[in-house]
Amino acid sequence: MSDLHIYNSLTRQKEKFEPITPNHVGMYVCGPTVSGESHLGHARPYITFDVVYRYLLHLGYKVRYVRNITDAGHFEEEGRVAEDKVAEKAKLEMLEPMELVHKYTNLFHWGMHLFNTLDPSIEPTATGHIIEQIAMIEDIIQKGFAYEVNGSVYFDVKKYADAYPYGKLSGRIMDDLLETTRDLEGQDEKRNKVDFALWKSAPPQHIMRWKSPWGEGFPGWHIECSAMASKYLGETFDIHGGGMDLQFPHHESEIAQSTIAHGHAPVRYWMHNNMITINGKKMGKSYNNVIKLTELFSGNHPILEQAYHPMVVRFYILQTHYRSTLDFSNEALQASEKALKRLWEAYEVLKSLTEEKCTQSFFNMLSGAINNEIAESYDENTILTDIHNQISKSNINLSSSSDTFKRIRMIVEQNKNLVEEKNRTLINLQCIINCLECKEFMDDDLNTAKVIANLFDLTPTINSIKGGQLNIEVICKETLLLIKDTFKTYLEDILGLQGLQAQQSDTLDKVLSLLIEMRKDARTRKDWATSDQIRIKLAEAGVLLKDGKDGSVSYTIE
RNA sequence: GGUCGGGUGGCCGAGUGGCUAGGCAGAGCUCUGCAAAAGCUUCCACAGCGGUUCGAAUCCGCUCUCGACCUCCA
């Protein structure tokens with residue numbers, strides 16, 4: 001169905017993506033712990049996997065995308081005292097735990113919508129699945145891989161590791177773990193330091209508590225994902241995503257639990273996004289360098305020089321491959337802001353171009369080219385003829401992996417000088433390459449950076465048509481349609497980007513049109529003082545006027 | 001300390017055994033009443049030292065250096 005290849009953290013290599021059930025994909029992504037406000041760090045995985053989700057949908061898969069809300073709060077696993085983060089925070093803020101969790105869940109959704117992420121198909125909460133978690137724990141106990149001590153239940157990692165490849169996902173070695181894990185007090189309950197809690201007994205003052213076969217308590221951090229993923233996606237599902245920092249111990253534990261409960265590994269493809277860093281350091285509470293989304297969008301943070309539009313942040317994230325670290329800086333964000341504006345304005349221009357003036361069809365142009373333009377001087381007649389024979393008369397629908405496409409690429413590479421000379425055939429071929437390659441790049445482990453680069457490659461062509469440097473007749477009808485389709489598909493549908501323009505109002509538009517007319521009059525009269533004053537005053541108000549070559553004037557609002 | 005991953009032009013960032021993305025900034029030019037916008041041109045980098053190779057920034061080794069995980073974290 002597709003040539004999509006994704007990097008599988010489990011095997012540490014790119015693999016061809018083949019869903020378990022043809023045409024259907026099950027994807028689970030670890031969601032946020034809603035014990036506090038979402039921050040810039042949260043933006044990365046949810047935007048990354050939003051693009052994965054959008055791309056799978058684009059490829060025609062029926063996708064069930066499950067992303068949980070952790071509202072039960074984890075305890076400090078290795079800590080001395082069982083602590084529930086939600087319960088602690090609720091006490092601090094004088095809120096009911098559920099009230100607190102609801103508040104931050106809403107804030108999370110608010111941020112995700114501003115980032116234009118699509119809602120997951122199911123967004124299950126940990127507190128809503130206590131029964132499933134208890135059932136899974138009981139199952140694991142029954143199978144002999146978990147044990148109860150004083151109302152808490154621990155997973156027997158050592159026993160598991162004897163039979164299964166524990167540590168495969170995160171590259172851990174059992175013996176190292178046994179030696180390295182910090183020696184903390186209060187661990188007497190565990191048989192081994194590497195064991196992790198499935199259920200934790202709640203001390204009397206603890207607010208969030210549920211009845212269980214082992215007394216009142218609350219679930220361990222890892223079990224919720226396993227329980228909910230298997231409930232909604234089945235015992236084995238296609239993709240599990242999350243941040244790299246979750247690889248160990250969270251995802252490793254998920255594998256262990258599910259493997260025992262179901263008798264086999266839960267996930268086919270593990271995908272992990274890299275971290276966002278600030279001045280080279282990971283953003284995290286422990287580093288005191290967290291920028292909350294509310295601060296990011298308002299600019300209200302010591303590190304921030306200005307407010308950043310959610311789309312700028314999204315674009316900034318997608319300009320980097322998801323497995324690379326991404327270092328935050330004002331300079332980089334500001335560069336992204338300008339870049340996105342330029343790209344989006346080109347897209348607006350593109351939408352305004354109509355193919356009526358593209359008199360020549362690609363098919364006919366190629367016919368002509370075979371006999372004169374380039375084939376004559378470069379002995380590529382056969383190749384062009386071959387392309388000619390393979391493309392349809394009304395549509396350019398080539399796979400980037402087809403031989404024909406490879407030949408197109410070859411011709412263009414061999415005739416780069418002619419592209420510069422504005423050779424009609426080569427300009428069209430170059431545009432087609434830029435468009436068709438986008439799929440190739442997405443298929444190669446979601447290389448959004450390259451997709452964006454190709455869209456930028458098309459930008460001068462689009463702007464040249466508007467600016468008059470390039471006659472639209474040079475571009476074939478099919479080429480223009482393909483470019484339009486590529487921008488719509490990749491920029492909007494797959495990358496999920498939007499323009500930065502403030503909401504337009506008719507009233508404002510009429511007012512500005514009036515001012516623009518007045519300025520035009522002034523210019524006709526060569527009354528430069530008036531025309532400049534209008535331009536300058538509008539600029540001060542955040543409205544930038546752009547004079548087109550044909551006398552038309554457009555504006556953008558800051 | 002253990003495990004893993006990086007070091008790319010002024011900045012951000014793709015990628016590749018030879019044809020060397022893209023963005024932002026800078027410079028020059030075209031257009032413009034002047035600007036802005038747009039277009040064109042330019043700026044040819046891959047931590048250091050060895051090695052493999054006809055050829056390495058890309059493969060191997062060592063050194064320096066940064067980071068991640070090993071503890072809640074996206």
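Numbered from 1 within each chain, the chains take letters A, B, ... in sequence-line order.
- Under the rule for a ring-ring contact (aromatic ring centres under 6.0 Å, His included), the partners of A:Tyr53 that lie at least two apart in sequence or sit in another chain are A:Tyr65.
- A:Arg12 pairs by the side chain to side chain contact (heavy atoms under 4.5 Å, CB included) definition with A:Tyr7, not counting sequence neighbours.
- Which of B:G39, B:A68, B:A35 sits closest to the side chain of A:Arg519 comes down to B:A35.
- Secondary-structure annotation of RNA chain B gives the stems B:1-7 with B:64-70, B:10-12 with B:22-24, B:26-30 with B:38-42, B:47-51 with B:59-63, with a stem taken as at least 3 successive Watson-Crick or G-U pairs whose two distances both fall under 3.5 Å.
- Residues forming a side chain to side chain contact (heavy atoms under 4.5 Å, CB included) with A:Gln533 (at least two apart in sequence, or on another chain): A:Lys537.
- Distance noted for atom C1' between B:U71 and B:G61: 35 Å (whole Å).
- Across the protein-nucleic acid pair, A:Met244 atom CE and B:A74 atom C1' stand 12 Å apart, rounded to whole Å.
- Between the NE2 atom of A:His272 and the P atom of B:G67 there is a distance of 23 Å, rounded to whole Å.
- As rounded to whole Å, 13 Å separates atom P of B:U16 from atom CZ of A:Arg409.
- Comparing B:G2 with B:C19, their C1' atoms are spaced 43 Å from each other, to the whole Å.
- Straight-line distance between the P atoms of B:A14 and B:C4: roughly 23 Å, to the nearest whole Å.
- Using atom P as the reference point in both B:C44 and B:G10, the two lie 10 Å apart (nearest Å).
- Annotation: of the two residues near RNA chain B, A:Trp528 and A:Gln469, the 5′-most nearest-nucleotide partner is A:Trp528.
- Of the candidate nucleotides B:A36, B:G39, B:C69, B:C69 has the atom nearest to the side chain of A:Arg172.
- To the nearest angstrom, P of B:A38 lies 16 Å from CD1 of A:Ile465.
- Side-chain proximity of A:Asp547 to B:G33, B:A35, B:A14: nearest is B:A35.
- Here B:A35 presents its P atom at 16 Å from NZ of A:Lys526, a figure rounded to the nearest Å.
- If you check B:G15, B:A74, B:G39 against the side chain of A:Asn447, the one that comes closest is B:G15.
- Donor-acceptor pairing under 3.5 Å, judged by distance alone, is present between the side chain of A:Arg535 and the base of B:C34.
- Per the geometry, CG belonging to A:Asp532 stands 12 Å off C1' belonging to B:U32, to the nearest Å.
- Taking every side-chain heavy atom of A:Lys281 into account, B:A68 is the closest of B:A74, B:A36, B:A68.
- A cation-pi geometry, defined here as NZ or CZ lying under 6.0 Å from the six-membered ring centre and within 45° of its normal, holds between A:Arg172 and A:Phe248.
- Backbone-only engagement by A:Asp327 is indicated by non-hydrogen atom pairs under 4.0 Å involving sugar-phosphate atoms exclusively.
- Atom-to-atom distance recorded for A:Ser336:OG and A:Phe315:CZ is 6.0 Å, nearest 0.5 angstrom.
- Of the options A:Glu224, A:His251, A:Arg67, a side-chain contact (heavy atoms from CB on, under 4.5 Å) to A:Cys30 is made by A:His251 and by none of the others.
- In this view, A:Tyr555 satisfies the ring-ring contact (aromatic ring centres under 6.0 Å, His included) rule with no residue, not counting sequence neighbours.
- Residue A:Asn273 places its side chain closer to B:A74 than to any other of B:G33, B:U3, B:A74.
- Counting any heavy atom pair closer than 4.0 Å across all strands shown, A:Leu343 reaches no nucleic acid atom.
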Task: Per-nucleotide protein contact string for nucleotides 18-25 of chain B, where B marks a base within reach and S marks sugar-phosphate only (heavy atoms under 4.0 Å, - for neither) - done: ---BSSSS

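- One can place OH of A:Tyr166 at 11 Å from C1' of B:C70, the figure rounded to the nearest angstrom.
- Evaluation of the side chain to side chain contact (heavy atoms under 4.5 Å, CB included) rule for A:Thr320 yields A:Arg44, A:Ser324, A:Leu326 as partners, not counting sequence neighbours.
- Across the C1' atoms, B:G18 and B:U41 are found 27 Å apart, a figure rounded to whole Å.
- The ring-ring contact (aromatic ring centres under 6.0 Å, His included) check on A:His42 picks up A:His39, with sequence neighbours excluded.
- Taking only side-chain atoms of A:Arg12, from C-beta outward, the nucleotide of B:G39, B:C4, B:G13 with the closest atom is B:C4.
- Atom name C1', nucleotides B:C24 and B:C31: the rounded distance is 23 Å, in whole Å.
- Here B:A74 is the nucleotide among B:A74, B:A38, B:C4 with the atom lying nearest to any side-chain atom of A:Met283.
- Considering only side-chain N and O atoms, A:Thr325 lies nowhere under 4.0 angstrom from the phosphate OP1 or OP2 of B:G6.
- Contact of the A:Asn273 side chain with the A:Met244 side chain is not registered, since no non-hydrogen atoms from C-beta on lie closer than 4.5 Å.
- Between the side chain of A:Asn274 and the base of B:G5, no donor-acceptor pair of N or O atoms lies under 3.5 Å.
- Of the possible donor and acceptor atoms, none in the side chain of A:Asn192 sits under 3.5 Å from a partner among the backbone N and O of A:Asp195.
- As rounded to the nearest Å, B:U65 and B:A25 have C1' atoms that lie 27 Å from one another.
- Taking atom P on both nucleotides, B:G51 is separated from B:U42 by 36 Å, rounded to a whole Å.
- For A:Lys282, the side-chain atoms get nearest to B:C69 when compared with the rest of B:C69, B:A36, B:A14.
- When the nearest nucleotides of RNA chain B are assigned to A:Gly242 and A:Arg523 by heavy-atom distance, the more 5′-ward of the two goes with A:Arg523.
- Listed candidates were B:G33, B:G39, B:A74. Nearest to the side chain of A:Ser531 is B:G33.
- A:Phe115 meets the ring-ring contact (aromatic ring centres under 6.0 Å, His included) test with A:Phe297; sequence neighbours excluded.
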